Student: 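This is the structure I want to talk about, given as structure tokens.
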Amino acid sequence: MSDFSVYAEDAEKVKRLMLAYQASVKADYVVLCHRDGSIIAEVGSIGIDATPLAVLSSASFDSAKQFGLLLGGEDIQSVSYGGESRSVYISPVSDSLLLIQIFSGTKLPKRIEDFNRLLVEKLVEAVPAFTQNTSKLL
């Protein structure tokens, strides 16, 4: 379970940032979650419960990190999947938080890494507790 609280005013900041981001990259759905599957914030909708999505995304990202270690210590920064009708981009905000982004179509938006990096910076600036917690799931 997550080891910090998000206060109402912080939750509003996060929601505003995520809504602006969602509109700018045309994401169907954006979820900020703890690596234990706890949903912190979500915007948009794809018609499914986000908790299994968060848990599977965490497992997927952790697997990618292990691949990186096997390949000589590569630091994996993100994981992405392209399906027949949707694509997914998963990236860390901190050691214990992930951003999951779902897009229509088979390809991710151009420069998604840059846009994602800016959102992460704004989230951490808005809520410094996101990077000051003590749990580190590996």
Side-chain angles (χ1 to χ4, degrees):
M1 174 151 275
S2 56
D3 58 350
F4 60 83
S5 297
V6 177
Y7 298 100
E9 68 182 45
D10 290 337
E12 279 303 312
K13 290 181 205 173
V14 168
K15 189 88 159 190
R16 281 193 307 271
L17 287 168
M18 288 175 61
L19 281 168
Y21 178 82
Q22 177 194 22
S24 69
V25 297
K26 297 177 177 45
D28 294 335
Y29 191 54
V30 181
V31 178
L32 175 64
C33 65
H34 192 274
R35 304 270 294 276
D36 68 2
S38 301
I39 305 301
I40 296 168
E42 59 186 328
V43 295
S45 176
I46 56 169
I48 64 168
D49 178 14
T51 302
L53 178 68
V55 171
L56 290 171
S57 294
S58 182
S60 175
F61 191 79
D62 290 344
S63 292
K65 294 293 269 184
Q66 292 302 313
F67 277 117
L69 290 173
L70 285 172
L71 297 173
E74 287 291 317
D75 187 20
I76 304 297
Q77 299 296 312
S78 65
V79 175
S80 61
Y81 299 97
E84 291 180 19
S85 61
R86 290 208 166 120
S87 54
V88 180
Y89 186 81
I90 306 165
S91 65
V93 172
S94 67
D95 288 332
S96 57
L97 298 177
L98 291 176
L99 266 173
I100 306 161
Q101 303 165 53
I102 311 289
F103 298 90
S104 293
T106 60
K107 296 188 181 196
L108 294 169
K110 292 181 181 178
R111 298 185 50 220
I112 189 66
E113 295 89 1
D114 296 331
F115 291 119
N116 182 78
R117 189 176 314 110
L118 288 172
L119 176 59
V120 168
E121 289 170 5
K122 289 179 181 184
L123 288 170
V124 170
E125 182 180 304
V127 186
F130 285 165
T131 57
Q132 296 170 355
N133 63 67
T134 58
S135 88
K136 293 186 179 183
L137 303 177
L138 296 177

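Quick caveat, the model's predicted, so the values are computed rather than measured. Numbers for residues simply follow the sequence, beginning at 1.
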Student: Could you state whether Ile100 and Tyr81 fall into the same hydrophobic cluster, counting links through intermediate Ile, Leu, Val, Met, Phe, Trp or Tyr residues with side-chain heavy atoms under 4.5 angstrom apart?
Tutor: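 Both belong to a single hydrophobic cluster.
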Student: Just by distance, with hydrogens left out, do Tyr89 and Glu113 show a side-chain donor and acceptor under 3.5 Å apart?
Tutor: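 No, Glu113 and Tyr89 have no side-chain donor paired with an acceptor closer than 3.5 Å.
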Student: Between Leu119 and Ile40, is there shared hydrophobic-cluster membership here, with clusters defined by ILVMFWY side-chain heavy atoms closer than 4.5 Å?
Tutor: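 Yes, same cluster.
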Student: Roughly how far apart are Lys13 NZ and Met18 CE, rounded to 0.5 Å?
Tutor: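 Lys13 atom NZ to Met18 atom CE measures 15.5 Å (nearest 0.5 Å).
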Student: Less than 3.5 Å apart, which donor and acceptor atoms pair up between the side chains of residues 41-57 and the rest of the protein, not counting sequence neighbours?
Tutor:
{"residue": "Glu42", "atom": "OE1", "partner": "Tyr29", "partner atom": "OH", "Å": "2.3"}
{"residue": "Ser45", "atom": "OG", "partner": "Gly47", "partner atom": "N", "Å": "3.4"}
{"residue": "Asp49", "atom": "OD1", "partner": "Thr51", "partner atom": "N", "Å": "3.2"}
{"residue": "Ser57", "atom": "OG", "partner": "Leu53", "partner atom": "O", "Å": "2.8"}

Student: Calculate, to the nearest 0.5 Å, the distance between atoms OG and CG belonging to Ser91 and Asn116 respectively.
Tutor: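 Between Ser91 OG and Asn116 CG, I get 3.5 Å after rounding to 0.5 Å.
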Student: Does NZ or CZ of Arg117 come closer than 6.0 Å to the centre of the six-membered ring of Phe115, within 45° of the ring's axis?
Tutor: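 Arg117 over Phe115 ring: no.
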Student: Rounded to the nearest 0.5 Å, what's the gap from CG on Leu32 to OG on Ser38? Could you check?
Tutor: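 With rounding to 0.5 Å, CG (Leu32) is 11.0 Å from OG (Ser38).
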Student: Any donor and acceptor pair, going by atom type alone, linking the side chain of Asp28 with main-chain N or O of Ser104 inside 3.5 Å?
Tutor: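 A pair under 3.5 Å: yes.
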Student: I need the Cys33 SG to Ile39 CD1 distance, nearest 0.5 Å.
Tutor: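 Between atom SG of Cys33 and atom CD1 of Ile39 there are 5.5 Å.
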Student: How many angstroms lie between atom CZ of Arg86 and atom CZ of Phe103, to the nearest 0.5 angstrom?
Tutor: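 That separation rounds to 12.0 Å.
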Student: Look only at the side chain of Gln101 and the backbone of Val30, and say whether a donor-acceptor pair between them is shorter than 3.5 Å.
Tutor: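 Such a contact is absent between Gln101 side chain and Val30 backbone.
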Student: Taking all atoms of both residues into account, what is the closest heavy-atom pair of Val79 and Ser60, and its distance?
Tutor: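 Smallest heavy-atom distance, with atoms named: CG1-OG, 3.7 Å.
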Student: Can you find a pair of side-chain heavy atoms, one from Leu17 and one from Leu123, that are under 4.5 Å apart?
Tutor: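 Yes, close enough: below the 4.5 Å cut-off.
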Student: State, yes or no, whether a side-chain contact exists between Gln66 and Leu70 at a heavy-atom distance under 4.5 Å.
Tutor: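 No - every pair of side-chain heavy atoms lies 4.5 Å or more apart.
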Student: Contact between Ser94 and Val124 at the side-chain level, heavy atoms closer than 4.5 Å - yes or no?
Tutor: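 With C-beta onward as the side chain, the pair stays apart.
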Student: Has Lys122 got more than 12 heavy atoms of other residues, nucleotides or ligands less than 6.0 Å from its NZ?
Tutor: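 Result for NZ/Lys122: open.
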Student: Is the shortest heavy-atom distance from the side chain of Phe61 to the side chain of Pro92 under 4.5 Å?
Tutor: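 Yes - at least one pair of side-chain heavy atoms lies under 4.5 Å apart.
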Student: Is any side-chain heavy atom of Leu99 closer than 4.5 Å to a side-chain heavy atom of Val120?
Tutor: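 Heavy-atom side-chain distance check passes, below 4.5 Å.
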